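Read through the structure below, which is laid out as structure tokens, and then see the notes.
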Number of protein chains: 2
Amino acid sequence: MLHEEVVGRIRAILLDGEIPPGARIPERELCERLQISRTPLREALKVLAAEGLVQLLPHRGSRAAKLTDKDMRDLFEVCQGLEALAGELACERITDAELDEIAAAHADMVRHYREGDLIQYYRGNRAIHEAIVTAAGNPVLAGLYASVTARIRRARYVTPMTPQRWALAVKEHEAILNALQRRDGTGLSHILRAHLRHKREEVLQAGFAETEGNEPTLRIA
Amino acid sequence: MLHEEVVGRIRAILLDGEIPPGARIPERELCERLQISRTPLREALKVLAAEGLVQLLPHRGSRAAKLTDKDMRDLFEVCQGLEALAGELACERITDAELDEIAAAHADMVRHYREGDLIQYYRGNRAIHEAIVTAAGNPVLAGLYASVTARIRRARYVTPMTPQRWALAVKEHEAILNALQRRDGTGLSHILRAHLRHKREEVLQAGFAETEGNEPTLRIA
DNA sequence: ATTCCCAATTTTGCATTCAAAAATGTAAAA
DNA sequence: TTTTACATTTTTGAATGCAAAATTGGGAAT
């Protein structure tokens with residue numbers, strides 16, 4: 001198994017919440033499960049620690065990182081900035097084919113909204129946001145975005161929404177698609193910021209920070 | 001020696017250009033120099049590879065990463081976005097004490113400009129940009145900024161400037177300080193973007209991309 | 001019963017070792 | 001002289017071993 005694959009497998013285990021935030025990471029167990037020795041496992045853990053998904057405690061092993069309210073706020077703030085930038089760049093560079101794909105994903109998402117299927121709605125939602133970042137054509141930006149969104153994914157894509165908030169989110173997505181189609185970078189960036197700000201408020205209000213006695217148990221879509 | 005210290009030492013060696021972009025990283029030599037064995041060294045290299053400073057080639061060891069023109073453009077683009085965001089947030093959160101420090105650093109930098117001392121000018125310049133990011137009060141943002149700027153540091157802070165460009169840069173810094181003092185987040189974010197865009201143009205025009213036969217040999221200030 | 005202390009055990013972090021892959025050098029053939 | 005085939009050496013990637021640190025468990029003292 002290649003180094004990057006080991007990192008990916010452990011990342012997935014953490015994002016799935018199989019090892020919940022704050023829990024110790026059982027080295028020996030993971031070694032057996034992935035059929036590798038401690039050396040490559042530990043290399044992967046150091047990389048994930050640099051990403052912020054794992055917390056290393058000298059001589060006390062590693063734990064799945066826990067997010068405080070402040071962490072969550074900071075991550076959403078940066079995510080807002082990155083998506084706003086991606087939106088602007090996407091408007092300059094997006095191809096018609098990419099635009100069609102996003103429009104299709106949008107229609108799909110709206111259908112799931114009408115059907116009241118939150119899981120599928122979130123899946124389509126995420127696909128749209130990621131497609132915008134891809135359309136920005138900047139791999140550095142895409143990399144940072146991936147790393148930031150990984151850390152808030154569980155909060156972002158599992159928080160339940162009131163009917164009002166959900167309706168607003170869909171409305172905002174209409175505006176997002178519209179701005180993209182008009183190649184209105186400035187407009188899109190403003191809409192994306194507002195959209196993310198609303199999502200952050202939802203998440204923080206729902207008390208999703210991963211502090212003591214507040215372990216999210218839901219699985220991501 | 002602690003893991004983070006090993007990473008830091010190697011990072012410094014790479015940023016100093018002691019191992020120039022594209023060059024193989026001599027494991028055995030570094031082990032002797034840092035007085036550690038290959039295990040912790042290799043752990044550090046994987047982390048630096050995830051940061052983008054090192055390139056890992058399966059079964060062929062690791063090299064100091066080389067930046068193409070496209071990489072440089074992408075990094076500057078993201079850096080622009082991060083600094084613009086930092087500027088906005090800093091205007092909301094900066095304390096009077098922080099503002100005074102930046103004003104002092106600015107005065108210092110202008111003095112070095114008047115004296116024609118490019119090295120010292122760049123040192124002060126960098127301190128200001130970093131202080132703005134710190135004043136944003138968002139450690140996640142600060143971390144991403146550090147990682148992005150590390151990769152372009154050599155290009156950003158060693159490129160020679162024409163007198164015209166240098167004068168413009170100083171003028172932009174006057175505007176930066178002014179916007180900060182007026183707590184004009186939107187204005188500051190626009191100025192920072194333009195400032196970084198100009199720097200990027202300089203760097204790319206100077207042909208600083210680290211492609212074949214174009215190894216920068218200058219040391220950073 | 002609770003707290004404290006200390007021995008036994010486990011876990012961590014790193015050095016070393018080992019097998020596999022790549023690089024190098026040499027000699028023969030074209 | 002250049003190219004190719006092959007044996008040798010070097011380097012890489014991962015498993016193992018070992019010392020140091022932390023955790024655990026049990027008994028003595030309060």
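Bear in mind the structure is a predicted one, so any value in this text is a computation, not a measurement.
Comment: B:Glu5 does not engage B:Arg11 in a salt bridge, judged by the lack of any side-chain N to carboxylate O separation of less than 4.0 angstrom. Ion pairing between a basic and an acidic side chain is recognised when a charged N comes within 4.0 Å of a carboxylate O; B:Lys199 and B:Glu202 show such pairing. Contact check on B:Glu88 versus B:Arg93 returns no salt bridge, with no Lys/Arg side-chain nitrogen under 4.0 Å from an Asp/Glu carboxylate oxygen.
Phosphate proximity of C:dA21 to B:Arg60: absent, as no side-chain N or O sits under 4.0 Å from OP1 or OP2.
Side-chain contact, A:Gln205 with A:Arg165: a donor N or O sits under 3.5 Å from an acceptor N or O.
Counting only heavy atoms from C-beta on, B:Arg38 has its side chain closest to D:dT12 among D:dA22, D:dT12, C:dC14. Side-chain atoms of B:His59 lie closest to C:dA22 of the nucleotides D:dA14, C:dG13, C:dA22. If you check C:dA22, D:dA21, D:dA15 against the side chain of A:Ile36, the one that comes closest is D:dA15. Here C:dT12 is the nucleotide among D:dA15, C:dA21, C:dT12 with the atom lying nearest to any side-chain atom of A:Arg24.
For the pairing with A:Glu83, the salt bridge (Lys or Arg N to Asp or Glu O under 4.0 Å) check across A:Arg200, A:Arg193, A:Arg156 returns one residue only, A:Arg156.
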Worksheet item: Once Watson-Crick and G-U wobble pairs under 3.5 Å are found, how is DNA chain C written in dot-bracket notation, 5' to 3', with | for any base paired to another strand?
Response: ||||||||||||||||||||||||||||||
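Note: CG (B:Leu57) to C1' (D:dG13) measures 14 Å, nearest angstrom.
Ring-plane geometry between A:His195 and A:His129 is classed as parallel, the angle between the planes falling under 30 degrees on a 0 to 90 degree scale with a further cut at 60.
Residue-to-nucleotide contacts include no donor-acceptor pair under 3.5 Å from the side chain of A:Ser37 to the base of D:dA14.
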